Amino acid sequence: MKVLVIGAGNMGLAYAKALVKSEFLQKTNLMISDTSPEKTEELKKVSRFDVYTKLEDCLPIADIIFIAVKPYHAEELFKELKPMMTKDQLAISIMAGVTIQSMKDGLGIKKVVRAMPNLPAQVGKGLTSFTASEEVSRLELSTVEKLLDTTGRSVRLDTENDVDASTGISGSGPAYVFYFMQSMMDAARKMGFSEHDSKVLVSQTFEGAVELFNKSDLSPASWMNRVASKGGTTRAALDSMEDNNIKDLVEEAAYAAFNRAVELGKEQNENS
């Protein structure tokens, strides 16, 4: 099985590096293609995988194709790929908002997977949600899942609407965490802590809280009650968040991302 990654940006490169490190795929079976001569020359020096600038040199021999370019490049790229695609090839898109039907129409193939990774994939802690066209077999789905799992974990969803919804939670979610971290660091600086100490205080707090959550069956609400005591400091902070409707605002933010993902899909279909 030969795998081709089209696009050597952050996510494409994250998958390429994870795939070549895994035991699931041999180094000689991984190819990566990018239009930038500077980037391809840089990648060739790493020599972890075969690097190409021309798709006609690698696409015809690929079994599975990861498409990791910006969504606004999709229509132009599909026109270039379509004449070279075969019915047995399987395409995995990690382009936000690009629907399964637009991939089928644009590439002229039936077996397509729509996936939504998140940024922690770059450090092997990613979460990729995905769904597939009905023409993708169970064996192929198993292979896709193993490929996606090389960057962390994956979850197969039933519909594209579920993938759009996951964008609002896991896809965009790291940014919400960073937003909260930045706010806590800003508060720490105002309290007189140095930049370094502020970072340590916040990052270790997040890491410890996540570890506690992952190693127990308790809900976040249960953990909050364990930390907070009546009349104490934590309860004062939580009461402030409740008074300011922080929970509702976070939910609204997640739905804003979800709705935008749906809009992007509609825009992509209108333009294709």
Side-chain angles (χ1 to χ4, degrees), residues 1-86 88-98 103 106-109 111-130 132 136 140-154 171:
M1 180 182 67
K2 283 189 173 291
V3 175
L4 168 64
V5 177
I6 300 177
N10 288 334
M11 292 310 302
L13 201 53
Y15 272 102
K17 289 179 177 179
L19 288 167
V20 82
K21 285 181 183 178
S22 71
E23 297 179 357
F24 183 67
L25 195 68
Q26 294 181 0
K27 172 184 171 182
T28 54
N29 290 336
L30 179 63
M31 304 174 288
I32 189 166
S33 175
D34 197 271
T35 55
S36 168
E38 294 81 7
K39 180 159 285 186
T40 52
E41 284 303 312
E42 182 181 338
L43 290 173
K44 286 178 181 179
K45 294 176 184 177
V46 178
S47 68
R48 290 179 177 175
F49 24 69
D50 293 330
V51 183
Y52 297 86
T53 53
K54 297 181 179 179
L55 286 169
E56 56 264 33
D57 295 333
C58 54
L59 183 64
I61 59 175
D63 300 300
I64 295 178
I65 301 103
F66 272 87
I67 303 177
V69 303
K70 298 296 184 184
Y72 56 82
H73 290 312
E75 185 178 1
E76 180 183 353
L77 178 64
F78 288 173
K79 289 179 180 178
E80 183 180 0
L81 297 180
K82 190 172 184 177
M84 296 183 281
M85 299 289 291
T86 67
D88 293 325
Q89 289 176 311
L90 186 153
I92 302 173
S93 165
I94 57 174
M95 298 181 289
V98 180
M103 283 189 281
L107 296 171
I109 60 174
K111 296 188 291 186
V112 294
V113 172
R114 180 181 171 190
M116 172 49 62
N118 63 8
L119 198 60
Q122 294 183 17
V123 293
K125 293 290 185 179
L127 189 285
T128 303
S129 58
F130 72 99
V136 180
E140 288 169 329
L141 281 172
S142 177
T143 299
V144 167
E145 187 171 5
K146 289 175 182 176
L147 291 172
L148 296 177
D149 282 348
T150 60
T151 58
R153 298 181 62 180
S154 65

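Predicted model, so just to flag it, every value in this text is computed and none were measured.
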- request: For side chain to side chain contact (heavy atoms under 4.5 Å, CB included), just list the numbers for I6 and I65, CA-CA rounded to whole Å, side-chain angles, deciding distance to a tenth of an Å, and then say yes or no.
  value: CA-CA 7 Å; I6 300 177; I65 301 103; 3.5 Å; yes

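- Side chains of M1 and V3 form a contact here, defined as non-hydrogen atoms less than 4.5 Å apart.
- Distance alone, capped at 3.5 Å, places no donor-acceptor pair between the K44 side chain and the V51 backbone.
- Counting heavy atoms from C-beta outward, V69 and M95 have side chains that approach closer than 4.5 Å.
- Among all heavy-atom pairs drawn from F49 and K17, the shortest one is CE2-N, 4.3 Å.
- Minimum interatomic distance between L90 and I92 (heavy atoms only, all atoms of both residues): CD2-CG1, 3.6 Å.
- Separating the OG1 atom in T143 from the CG atom in D63 is a distance of 10.0 Å, to the nearest 0.5 Å.
- Minimum interatomic distance between S154 and L148 (heavy atoms only, all atoms of both residues): CB-CB, 3.9 Å.
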Would you list the atom pairs, donor with acceptor, under 3.5 Å between side chains in residues 54-62 and any protein atom, with sequence neighbours excluded?
none

For residues 111-122, which side-chain donor-acceptor pairs fall under 3.5 Å, sequence neighbours excluded?
residue : atom : partner : partner atom : Å
K111    : NZ   : D88     : O            : 3.1
K111    : NZ   : E140    : OE2          : 2.7
R114    : NH1  : E160    : OE1          : 2.9
R114    : NH2  : D164    : OD1          : 2.6
N118    : OD1  : L127    : N            : 3.0
N118    : ND2  : S170    : O            : 3.1

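- The pair E76-K79 does not meet the salt-bridge criterion, since no charged nitrogen lies less than 4.0 angstrom from a carboxylate oxygen.
- Sorted by first and then second residue, the salt bridge (Lys or Arg N to Asp or Glu O under 4.0 Å) pairs with a member in residues 5-15 form an empty list; sequence neighbours excluded.
- In summary, the side chains of T40 and D34 do not present any donor paired with an acceptor at a separation below 3.5 Å, with no hydrogens or angles considered.
- For L107 against K82, the heavy-atom pair with the smallest separation is O-CG, 3.5 Å.
- A distance-only check finds no donor-acceptor pair linking the side chain of E80 to the backbone of L77 [under 3.5 Å].
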query: Is there a side chain to side chain contact (heavy atoms under 4.5 Å, CB included) between I32 and D50 once you walk through the steps?
result: CA-CA 6 Å; I32 189 166; D50 293 330; over 6 Å; no

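- The side-chain heavy atoms of V98 and M103, taken from C-beta on, include a pair separated by under 4.5 Å.
- A pairwise comparison of heavy atoms in A91 and I67 identifies CB-CD1, 4.4 Å as the closest pair.
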M31/V5 under side chain to side chain contact (heavy atoms under 4.5 Å, CB included): CA gap, chis, key distance, verdict: CA-CA 6 Å; M31 304 174 288; V5 177; over 6 Å; no

message: As a quick check of understanding, evaluate side chain to side chain contact (heavy atoms under 4.5 Å, CB included) for F130 and V144, giving each step before the final call.
response: CA-CA 9 Å; F130 72 99; V144 167; 4.2 Å; yes

